[in-house]
Each structure stands twice: as C-alpha cells, then as structure tokens.
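Note sheet for the following structure.
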Amino acid sequence: MKAAILGYGTVGGGVADVLYENKEQIAVRAGEAIEVKYILDIREFPGDRFESLITHDFEQIANDEEVKIVCETMGGLKPAYDFTKRLLESGKSVCTSNKELVAAHGPELIRIAKEHNCNFLFEASVGGGIPIIRPLLSCLTADRIDEIAGILNGTTNYMLTKMDKEGCDYADVLKEAQEKGYAERNPEADVEGYDACRKIAILASLNYKKTVNYEQIYTEGITAISTADFAYAAKCGKNIKLIGMCKEIGEKKYAMVAPFLIGDDNPLYGVNDVFNGIAVHGNMVDKVMFYGRGAGKLPTASAVVSDVVEAAKNIGKASEIVWDDEKITLDDKNELTFAYLVRVSGFEKDSDYKTVFEGAKYVGNNTAEDEFAFVTEAMTEGDFLAKFAALANAKKFVRVMM
Ligand code: HSE
C-alpha cells in the first residue's frame with residue numbers, strides 16, 4: 001500500500017522514520033506493507049535518506065490512484081484544509097497531527113470521509129503520542145464520560161515544572177523553553193492556553209458527539225503565574241498545572257482551560273516536564289489515566305502511524321466516528337465549584353477576608369511583595385468572583401482543583 005506525507009518537518013520526518021524503521025511490525029498489523037511514495041514539501045533535502053521521495057507538487061499525490069493514505073503533518077489551516085478536503089473527496093484517507101485543522105473543521109472532514117468511504121483520523125492531534133482518541137471512542141464505550149481533565153500542553157508543563165521545582169521565574173523559563181525548541185519564538189499558542197483549548201475542544205466534541213466550538217471555551221494561560229504563586233501553592237502541599245477540562249453535571253456541559261493548584265491526591269500532580277496526562281472519569285469505570293509524551297517527533301509520529309495502520313485496515317470503509325457539526329452551547333463556568341488561593345496586599349490582621357470569605361484559611365505572607373494569601377472554601381465561581389471584587393486590596397487568585 002502506498003502512502004504520502006504532506007510536510008517534511010519534525011512530525012512528517014518522524015512519520016517517514018517510523019514507517020521505515022518499524023515496517024515489518026506495521027505490515028503485520030496493517031495486513032500489508034505500507035510504503036511512502038511521496039513526501040510533499042516546498043524545500044529541498046539534499047543528502048536526506050528520503051530525498052528521492054520529495055515532491056513539490058500536491059497534484060502528483062492527489063492524482064495518484066495508488067496512494068491510499070496521506071499523512072497531513074503541515075500544521076496550520078492553509079493549505080492543510082484544502083489539501084485534506086481534496087484528498088478525502090478522492091477517496092484517500094487522511095491521518096493528521098494538526099489540532100488546529102481538527103478543532104476548526106473536524107465534523108466537516110469526518111462527513112466528507114464518510115461520503116467517500118475513507119477515513120479522517122487524528123489521534124496525534126491531542127496528547128501527542130498518548131493514545132486518547134481511539135480509547136475514548138472504541139474502549140470507554142460502556143460509560144457516560146462525565147469529566148475529562150488534562151495537562152494537554154507539553155511546553156507550558158515544562159515551564160511550570162521548572163518554576164515549581166527550581167524556583168525559576170516565568171521569563172527565564174520561557175527563554176529556556178524556546179532555546180530547547182519546546183516553545184515557539186512566538187509562544188502565544190502555548191502560554192496563553194490556545195493550544196490546550198483546541199485539544200480540550202476536540203476531546204469534548206468527541207465525548208458529546210457534537211461540536212464544542214473552541215472559541216466558546218473560557219481560556220486562561222500561564223502568563224500571570226509567578227514564583228510567588230508556587231511558594232503559596234507549596235505551603236498548601238500543591239503545585240500548579242495548566243488544566244484543560246470538560247465536565248458534565250446533569251444536563252449541563254462545561255469546558256475551560258486555566259492554571260489550577262492541584263494536590264498529590266490528583267493523578268495529574270505527578271505529570272511533569274514535557275509530559276502530558278489526561279484523566280478521564282466514567283460513571284462506571286471511575287477514573288482512567290493516560291500519560292505520555294504529548295509532543296516531540298517520534299511520539300507524535302507514532303500516533304500518526306497508528307492512524308495509518310487503522311486506515312490501512314479499513315480501506316473502502318469509513319470509521320464510525322460520530323462528531324456532528326451541530327454546536328453545543330456550553331453552560332456558564334461561573335456555575336462550577338472550586339476553591340481559590342487569593343493574594344491580598346497588606347497584612348492579614350488589617351484585612352476583613354475572614355468576614356468576606358467565611359471559612360477561609362490563612363496560607364502565609366510574602367514580605368517582599370507586601371502581601372498575604374489565603375485559601376477559600378469550595379464555592380461556585382460566580383459567588384467567588386463577587387466576593388473577590390468586594391474584598392479590599394485583593395490582588396489576584398488561582399483556582400484550586402477540588
Ligand atoms: N506546542 C504543543 C505542546 C505541541 O507543547 O504541547 C504539541 O501539540
């Protein structure tokens with residue numbers, strides 16, 4: 001069976017390597033050998049072991065009847081969206097690592113694939129090498145999944161881990177993440193939470209079988225998190241993680257992305273460095289945890305190639321993925337319940353925080369910042385925001401995962 005790769009960057013290069021290095025195992029699992037016939041890229045790769053496969057002409061791939069499966073590893077929407085549509089319309093399955101494409105056009109591309117008896121698969125778009133989409137769709141089928149909460153972005157998890165364990169400050173750790181190639185020169189998508197937002201939108205949509213529009217999801221990144229927050233978190237026996245979550249309570253559905261204090265009773269507490277972790281709660285199975293490398297060349301390529309195997313096993317047959325383009329209106333996140341770490345200017349003794357926040361517990365002070373902090377009892381976010389606004393000298397807050 002012939003395959004093609006669109007984009008010979010980090011992930012595309014990994015896909016070529018995985019298909020080549022593991023060709024025997026892959027042939028057994030797919031039922032036949034899978035050979036890369038073309039790699040599309042605008043650049044030349046003199047001396048590369050796959051140099052002879054490089055083409056600059058998308059039409060060559062689109063018009064080649066022999067090519068049955070195409071890996072889209074270009075990223076971005078243009079031209080990935082048009083290319084993917086064209087390929088699916090000509091009956092070729094597409095396996096992508098592109099969460100932007102999936103979050104923006106998932107239901108349409110799944111529909112087109114079904115109409116043309118081929119597959120649009122996207123295991124690598126969430127959690128890199130972690131199998132999460134196929135387990136959610138094919139394994140956890142006996143349950144009503146009422147909560148998915150995950151560390152879905154490796155770059156920010158690396159940064160937060162460094163801030164927590166080494167006391168590095170945000171600007172230094174961002175610089176280091178950029179030097180190591182984890183964070184982009186423009187780190188906005190990672191540090192503002194947009195990447196995690198798209199990933200939780202995909203998981204929530206697959207869970208609810210309808211579209212959770214990522215633009216509707218309340219998203220806070222990590223740019224306001226400081227070493228002072230970590231110092232207070234440590235006093236509470238907790239660390240801080242950027243969490244993407246979706247939650248169903250009765251008929252209500254919620255999704256949000258924000259930094260949270262989490263304790264060691266939470267399985268996400270131990271997910272450090274560039275690793276991702278996704279905790280799924282089902283009403284029968286209880287908690288299931290997925291852990292692994294959420295980014296990187298070979299882990300992400302491993303997930304793309306697992307889709308290639310799936311597509312190869314299902315040539316001429318569309319998968320059963322249900323993701324309707326009907327949009328879900330999310331409920332107001334102010335109805336959700338958390339506790340809150342609150343930082344207040346001045347001295348504890350001069351503040352009426354215990355009157356405003358009944359049951360609040362003092363955490364400690366920070367003379368360098370001329371402030372103290374406390375943790376509230378669990379309350380709805382709506383109630384909390386009203387009280388926070390009413391508290392004199394309140395500076396900032398970080399949510400505490402319940
Ligand atoms: N920038 C992403 C991350 C890459 O750091 O997790 C993988 O989606």
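Every number for a ligand or one of its atoms is a count from 1 in the order of the listing. The shown structure was predicted, so the numbers you read here are calculated from the model rather than taken from an experiment.
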* Provide the number and element of each atom of ligand 1 under 4.0 Å from a heavy atom of N153. => 1 (N), 2 (C), 3 (C), 5 (O), 6 (O)
* Determine, considering heavy atoms only, which of P187, G154, A177 sits nearest to atom 6 (O) of ligand 1. => G154
* Side-chain H-bond candidate by donor/acceptor type, Y218 with E381, under 3.5 Å -> no
* Asked: Which atoms of ligand 1 sit under 4.0 Å from any heavy atom of A295?
  -> 4 (C), 7 (C)
* Asked: Of F397, Y340, F338, which meets ring pair (Phe, Tyr, Trp, His ring centres under 6.0 Å) against F260?
  -> F338
* Asked: Counting from 1, what ligand 1 atoms have a heavy atom of G294 closer than 4.0 Å?
  -> 7 (C)
* **Test: E59 and R86 ion pair at under 4.0 Å** => yes
* Asked: Short list, please: which atoms of ligand 1 are under 4.0 Å from a heavy atom of D190?
  -> 1 (N), 2 (C), 3 (C), 5 (O)
* Structure fact -> A student checking ligand 1 against T155 at a 4.0 Å heavy-atom cut-off should list atoms 1 (N), 3 (C), 5 (O)
* G128 near ligand 1, heavy-atom distance under 4.0 Å? -> no
* **Cationic N near anionic O, under 4.0 Å, D17 to R49** => yes
* Using atom types as modelled and distance alone, determine if a side-chain donor or acceptor of S205 lies under 3.5 Å from a backbone N or O of A201. => yes
* **Side-chain donor or acceptor of E100 paired with backbone N/O of L77 under 3.5 Å** => no
